[in-house]
Amino acid sequence: MLVPIFTLKLNHKINTRMLTIGCYDGQHPCLTAATTAGKVFIHNAHNRGIASGRMSVSGENSDISLLNIQQAVSAVSAGKLDPTSNCDSLLVGTQTNLLAYDVINNSDLFYKDTPDGVNAVVVGSLGTVEMPLAVVGGNCAIQGFDLEGNDAFWTVTGDNVCSLALCDFTNDGKMELIVGSEDYDIRVFQDDEIIAEMTETEAITLLCPMMHSRFGYALANGTVGVYDRTARYWRIKSKNQAVAIHAFDLDSDGVPELITGWSNGKIDARSDRTGEVIFKDNFSVSLAGIVEGDYRMDGKTELICCAVDGEVRGYLPASREMKGNLMDTNTEQDAVRELSQRKQNLLLELKNYEENARLTKFFYKGRAAAQSNRPSGLGGLDTGQMGIIPANTQLQTSLTVDPGDEKHPPHVELFVATTNETILRTALIFAEGIFEGESHVVHPNVNNLSSELKVPISPPKDVPVDLHIKAFVGMKGSTQFHVFEITRQLPRFSMYIPCTKLPQEPQGTVTFTVQERVQRVVLWINQNFLLTDEWPAAAPLHFQVVSLRGTGALVIHMESNGQVTIKTDDMDLAGEVIQSLAVFLGIEDLQVTSDFPGYMEELKNILIKVDEFSSVRQKLTAEMADHSNLIRSMVVRAEDARILADWKNMRKYYMELFDLNRDLVNGYKIRCNNHTELLSCLKLVNQAIQRAGRLRVGRPKTVVVNACREAFKTHNIDALFKIMKVGAS
Amino acid sequence: MMGTMRQDFGAAAMALVPRGMDPLYTALSLFRRRKFEDCVTVCTMLLEKNPYDQAAWTLKMRALTEQLYVDEVDVDEEGIAEMLMDDNAIAEVARPGTSLKKPGTSSGGPSPGVRPTSQSGRPLSGFVRPGTQGGRPGTMEQAIRTPRTAHTARPVTSASGRFVRLGTASMLSTPDGPFINLARLNFHKYAARQSLAKPLFEYIFHHENDVRNALELAALATEEAQFKDWWWKVQLAKCYYRLGLFRDAERQLKSALVQQVMVDTYLYLCKVYVRMDQPLTAIEVFSQGLEHFPGEVSLLTGIARIYDGLNDSTNAVKFYKEVLHHDNTHVEAIACIATHHFYTDQPEIALRFFRRLLQMGVYNSELFCNIGLCCFYAQQYDMTLNCFERAIALASDENMADIWYNIGHVALGIGDIALAYQCFKLALASNNDHAESYNNLGVLEWKKGRVEQARAFFQTAQMLAPIMFEPHYNFAALSEKMGDLQSSYIAARKSVESFPEHMDSNSLLKQLKDHFAML
């Protein structure tokens, strides 16, 4: 049994996920967390007695110092930004800024505007960049700042970044950046190139590096799991949300466990291999964060868990004598319970067999009497009860595209059927990211049971999905059923149906050349699209499909000389096609020429809007500052009048103050709206850059993203469009 | 009626233009000679003739601006409102020696027992600048009361009060409406013409004191210049600074420094950091500035001032000496070094510095008072009273009390208790809030055995200057003698609070604690 070695009450609320620990003076670790009212507090347990003068007599809370950020804090992190010193720097992110702060000297290292917001911050060395970076994830953009505040790293990602982690994904000794975003994707960046993408089922709220290429993750729907590179080791799902995950070797076996803090106040430690719980504890309220550090300054690293009410518990790793047995339970009792459970199961099984044997005996007696000629040799009365079905029963599945009609929207249809007269009682389909809650149960009414089932599926994204189907097969009226398990893969582009005549010729085009035969591309088409017949491999290839999602047509045309033209109005789709094709054909670098007139027009409008919002914002800011100056002086005057007992004037001032205040609040609302609009526009711009990047592969992709950024920064809109079209300015 | 007035006006202007001289040339010459009023008159005449004369218009603007120009870098004081209501500083309780907010926390600073403190607990500086007098009051009431009682006028806010007073344009009466109607100006048009935009900006900023419009013009102009003109960036920063948007100001100044290194920009940037209570960052910025401008006096002074503010007098004096090395007529440096020497018990050296000040033409009562004190402590008694006589002769109402108080000290030093008593009374006559005099009077009364009187004096002093430790300690000692142990304990605690290392207070406190423990 593992018990906390220390507990503390900090008496400050801690915002969830905004907890870190840093040695700001190079020696003493300090818990640092964001608290209410735009403040960050630093708890320094070892400060007492060091400070002389007035510091030490400032009450019982003298070990907590507060930092004013003056804005709602959105991320807090600490780490070594300066490779030459051993002191940590504190990084505080808000929706508009990032502050790097030297706590011990009370001075800024840098203060940067981050118009894309700061949703997550990590500090560390990244890839081939020499200096340690503070990597900031915002709305669709990722930025890395070095010690001087230069942005040494910049890239875009598909959606708002929720979580970041640095992990040696490729086992090459250099850190890769793992990014979890709101579009359910985990992306791995090696420098500024994506080397892996994993699709999850919800927004990825937390990521933490574990050992080597292993990392833990948590989703917004309460899932927690561990990946090793792109392969998922395990995952578990809870109805509570994970608010903190951390890798820590709690049982001293040399391998870190995944420590999870839940929103209901539970913490548990799970083995990284199996997900088996090896330790758990309870807080009274939700966890806020988990960190590790030598908080008692005795040379041992503790696991430190903090709850939102400011309760802190520290755990030392268990000694070797405990042999990983950290739970508060008796092993013998456990064993007895487990054995009795098994006994129960075996008894049940035995009963089933006995029943079977009895019936068979009964049947042989019956056959002797009635010479019945039932095919599988079973009595009609008994088959129902027993659930015996023909031995050659098979489950067949097929996937077809249904263009839909007035009643049904277009969808992919999964058809499940048995090969004989047996019926399907229930079908359980498990697939990630298609159904809400990941699984779907079809349970037809008793009266219209049949041997086939149709399940409409509409995958929201173009990703290949494994459908795990479990079907209950039996006879009509049986109470016991056989379970058939089958796995079927849904191809990536399943929501597209071939057509000969296009409703409307797509405007957008992407052109590029590949050194491949047409047959290979046809092979890719056959694998990735849901086609009733295989597409003929003839040059020139002309392949036309229409999206069932209503986003228009997609035309893939390939000449025998390897020139490929993709026509679609959906830039995302074009990107998906190119990425998938490049992976299939093993293309490392691909430069394309693209033209999306409609989209570009839209982007132009957005950019104009961004300019407008920025200028309005500046005006509003000045107005607000002016007003607040006025308010301040008014307050002083009013107070002055109060001290002088000049009630008439005091009343006058306070009346004016009230009016001004109302104006200010109104102004604030306008500013808020303006800011949200601006933010959404900036997000769209970032997404546009990302889309332009996804049309390319490898080196050209990185080049295009960086060039776009440069063009956007210098307000060179024409250059931006040109880069998006041809890949360079 | 109006017509004749105007004619008269024109005639007055014509009188300024010599025969055969081009009026615009005359106006320019008047401007050069800093005869701004006359320049404005001539320009007005020119504009009367041709309202679209851009040269005359610009010149008039500049002349009007020059009349009211104040150096933004030097003149700055935090207003009461900012002090109390703003949290620009990041750390609320910073490590000692890293914040200007709590100057008393620095270790290694001069002890208040040796170097007296100002009303707010900051050690007396050798040179009075905005911000050296006041500290940070704890409450609004204290903040409002202090400027009324003490002789420090702190503006209500830095954005309103002072600039109405200094930038007097808003007070000046303009005979026929304002020169430029800002509401009707099309800023876009002017922003495009750099030669017009710059004087116009200065006019709006200094003369009209309309920061919001100035900011708008600057923002447009910097955009027009494709964000490549450092001057506009500095002006933007000025506006932001006035509006209290320090982070924006910081960004603009840093960006301006990238394009063009200027002493002024460095000074501004440091001002911003001081406002954000990051003295160490400010010192670093000053040092960066010194790399580009080695030996630049204003930068060195800036560093010295910050060290002074941090109570790190050793470093402050080091930098003041450096200043003197480059500019041997720097009054502030000389005064600060002199004060430092005086309070480190070297009155002879201090005297030499003060004499240097006198040679340089500084001729005021404070200086004579200081010289008098130095003479006294250097045992040149013949000069002492002469100096004080001069000081009194030159004194204004504001510093009369201090001079009488110092004479009282001298009297105490020579053992003339009666004279001392009279001096302190005189000090109180000229300023009845002089806490130090109350305290000393209390001591004298106690010596005479008039205990109740003494108590009353100490209590007054305590109330007037809660930061001073002496009245607290004296009161504690007196109460202890009288047997009022409770009051004694409370006062001793306060004394230790404002001067933790004070031996007598500590021993008194310990004695009281032992006593209480025995009970």
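Here is the naming used below: chain letters follow the sequence lines, and residue numbers restart at 1 for every chain.
Within the model, atoms CZ of B:R212 and CG of A:D626 stand 5.0 Å from one another, a figure rounded to the nearest 0.5 Å. Between atom OG1 of residue B:T281 and atom CG of residue A:N106 there is a gap of 7.0 Å, rounded to the nearest 0.5 Å. Atom CD of residue B:E250 and atom CG of residue A:D108 lie 6.0 Å apart, to the nearest 0.5 angstrom.
Residue A:N97: no heavy atom, backbone or side chain, is found under 4.5 Å from chain B. Residue contact with chain A, scored on non-hydrogen atoms closer than 4.5 Å, is absent for B:F227. With a threshold of 4.5 angstrom between heavy atoms, B:E284 does not approach chain A through any atom at all.
For B:E216 (side chain) and A:K619 (main-chain N/O), no donor-acceptor pair under 3.5 Å exists by modelled atom type.
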Task: Stepwise side-chain contact (heavy atoms from CB on, under 4.5 Å) test for A:M624 and B:L243 - done: CA-CA 9 Å; A:M624 203 143 129; B:L243 289 171; over 6 Å; no
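For NZ of B:K254, the number of neighbouring non-hydrogen atoms (other residues, nucleotides, ligands) closer than 6.0 Å is greater than 12.
Taking all atoms of both residues into account, the shortest heavy-atom contact from B:A219 to A:Q618 is CB-OE1, 3.3 Å.
Geometrically, B:R247 engages A:Y111 in a cation-pi contact, judged by NZ or CZ lying under 6.0 Å from the ring centre and within 45° of the ring axis.
Put simply, of B:L245, B:D248, B:L215, the one with the most heavy-atom pairs under 4.5 Å next to chain A is B:L245.
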